[in-house]
Amino acid sequence: MLFFMSCRVSLSVIRLALPCFPNPIAKLVVSTLFSMPERRPFVRLPTDVYPVNYGLRLKPDLIDFTFEGKLEAAVEVTQGTNQIVMNCADIDIITASFVPEGGEEINATGFNYQNEDEKVTLCFPSTLQKGSGSLKIDFVGELNDKMKGFYRSKYTTPSGEIRYAAVTQFEATDARRAFPCWDEPAIKATFDITLIVPKDRISLSNMNVVDRKPYPEDHSLVEVKFATTPIMSTYLVAFVIGEYDFVESQSSDGVTVRVYTPVGKAEQGRFALEVATKTLPFYKDYFRVPYPLPKIDLIAIADFAAGAMENWGLVTYRETALLIDPKNSCASSRQWVALVVGHELAHQWFGNLVTMEWWTHLWLNEGFASWIEYLCVDHCFPEYDIWTQFVSADYTRALDLDALDNSHPIEVDVGHPSEVDEIFDAISYSKGASVIRMLHNYIGDEDFRKGMNAYLLKFQHKNASTEDLWECLEQASGKPIAAVMNSWTKQMGFPIIVVDQEQHGSDRVLKISQKKFCASGPRNDENCPNWMVPISICTSEDPSCTKMKVLLDQPETTVNITNVAPDHWIKINPGTVGFYRIQYSSAMLESLLPGIRDLTLLPVDRLGLQNDLFSLARAGMISTVEVLKVMEAFVNEPNYTVWSDLSCNLGVLSSLLSHTDFHEDIQKFIRDLFTPIGMKLGWDSKTGEGHLDALLRGLVLGKLGKAGHKATLEEARRRFKEHVEGKQILPADLRSPVYLTVLKHGDSTTLDTMLKLHKQADMQEEKNRIERVLGAIPAPDLIQRVLNFALSEEVRPQDTVSVIGGVAGSSKQGRKAAWKFVKDNWEELHNRYQGGFLISRLIKLTVDGFAIDKMAAEVKSFFESHHAPAAERTVQQCCENILLNATWLKRDADHIHQYLLQRKAPPV
């Protein structure tokens, strides 16, 4: 499954950070203030009865939003029992019986629902004997509107009529809302699915259709039977009933690929089809294991909480993660679709063919797919420079979150279902991907692939744990994989590598040490954890070539590098692959900084250096002013991703300084920094430009416009007027920056125009583009209008979060208004998102930018009386983050102000 995540730039206020406290008393106070609640008791299902095959018949009613179901499961009884315990939620069982092989039917005499644990116990009047049998259950359920389980998804037909599709989202623990089942990833079985549906609707499931015939009791319905699935986990089962068009192709290895789109939009599926047909053979070659099903369908679902879900053979997506209109989609949307398709198709092997044994190992699924999606996109679209973007989008994001006292290890002991949603976060995905990238680099591609192949072959159609993968990779590479990786997956956090140097003749001697990096600065802790850190070193002689590799497996070491001239610089972690921050001695840092201005450092290393310094400033280890001076050295920077990361960090700083009376001074700094690249790029694309130029132009113009750059604002208004009047339609890549600029400096007329454009938009991408920037409007009464709009019928349920988040991220006024709005409408919002990750995202976007101590207490107090179990850790992180922002502001605000004033002062 992939979350829907906007790029880091638009999430710039969400630089999560929780403090590691430099003194034990402060730590004690805050750990008491924000202690995690007690874990709910939980036991897994008993193993005395398990399924071999589910025969499942479902008949959804698309008018009354209910469904009827019949389950006939072939089961094995491993020891005599008079009860069967299964998972079941929001389902009413009508009848249940057990038929032992060759024996008489035994009717269940009672159904004991344990609603808290989402279980049901079927009680029988006599003992079910060891052996094979058949469990029959008739049941009814609701097609809910919560975007989980078997639910309804609203769409509008080309003629304007509102209709509903019936769709599924089962990961992590929601198959139990569609049928009673053993809803744990290790309890695998085969599935024979039959759907009884209106004959004018398309019906899809994991496998191909093998029979379609009229339903005898109602001639408006048909009975659609699907082929038997391979042995698989319940969370990967899927079915969709609705109205769709499709485009179809075959991969070079003979798999039928279809992309299903809303009616009339089949052409918008072509880009994803092209990516999917290239991706399947790529993964087949990489894993050396063929795709195991005869077909794969990719389908766009109107109401969908996540970004996409890897159901085996039937992958479901948000419309914006699958559909591309050649004329109206921007470059970033094409890239997003390519990454999401790459991510979900990787799961067909890694996750579906071999599945984690329990949710503790979720990171293995998601971290791996989040790494290999980049490998796949780099193969399909080398012009995207996607690995540099990985560092900004995933690696630095994970470092930010993992520097918190309230982070968690990659491997989390998960029990109760309510705990599962909390680990679908940047640690499982982005830190997981980052440490796998580091591991791949440490092992080398050939041995890595060899180990992956052994793992997939050994555990295909079975379940595996993290240790199983380490063992296969260890055997393939001969390196101590488990010992190295356990330090990264079983303990939270990461090290800061402290480096100093001395010149001895023609040799350079480095003193390298490690200690835990904490978001609130150094901690004097005798029990500080250590990591086994693969460290690479390069020199200015060849910045792209690693001169030496060492494995730092102790607190400190000395490294001797031969033949390094005194005037040459040394760089640790070339390629920014190792998952750690670096603190250079002053002399080493001084020697590296010219490499930013003259571009001799690689883009990914220029980005990494700046990002490390920004984090050190935030942690109080260096002055923020020092980082602003380094940022000024990027004036010649040509690389999109480097600018993107700079922009993101300046967004964090701008958000912080919105709490001061010199916010305009940081806007001037931003204008000064971005004007030269803005002038160079101009507004219109030039011949020979590519994907990254389009991304850079949109980023720079949006940044200049938001910061109030006069010429950019005037041109944005001119082009917006022509766009609205239909004289000159804005290219897709310019729409976000233009919309943002005119709204940030707009009035009620601007907002009315934007809302009209939203209503007229036929593409969800365009609606989302508008929704994300509406919050930029400055006037308090208009901010309130935007917030009310967020909960209106005009906005799809999953997109409400980004509208409210856009308000909170745009200004100090917006942040206060969004928080009040969330509190006032909490019941409706919590009911809408309940256990899903969207509630965590909503909280994070709304409160994470505050920088006043008392706000942490207010947020904590609110969530003590308004429980959100799936977001408990997020609330802790946000409260801590507010305290960290407040500390940062108190510590550095005056210095920053003085520096910005001195920049403005005319030279004497």
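Side chain of D378 to backbone of Y374: no donor-acceptor contact under 3.5 angstrom is found.
The closest side-chain donor-acceptor pair between H408 and D425 falls under 3.5 angstrom.
Salt-bridge annotation for E373 and R437: absent, with no side-chain N of the basic residue lying under 4.0 Å from a carboxylate O of the acidic one. Look at E411 and K431 and you find no salt bridge, because none of the NZ, NE, NH1 or NH2 atoms lies under 4.0 Å from a carboxylate O. Comment: D400 engages R581 in a salt bridge, judged by a side-chain N to carboxylate O separation of less than 4.0 angstrom. The pair D405-R523 counts as a salt bridge, with a side-chain nitrogen and a carboxylate oxygen less than 4.0 angstrom apart. Taking the charged nitrogens against the carboxylate oxygens, R44 and E184 do have a contact shorter than 4.0 Å, which makes a salt bridge.
Ring pair F179/F239 is tilted by interplanar angle, where 30° to 60° counts as tilted.
The residue from F517, W531, Y580 that alone fulfils the ring pair (Phe, Tyr, Trp, His ring centres under 6.0 Å) condition with F494 is F517.
Geometrically, R177 does not engage F150 in a cation-pi contact, judged by NZ or CZ lying under 6.0 Å from the ring centre and within 45° of the ring axis.
Taking the ring centroids of W359 and Y235, they lie under the 6.0 Å cut-off.
Scanning for ring-ring contact (aromatic ring centres under 6.0 Å, His included) contacts around W349 gives Y283, F287, Y291, with sequence neighbours left out.
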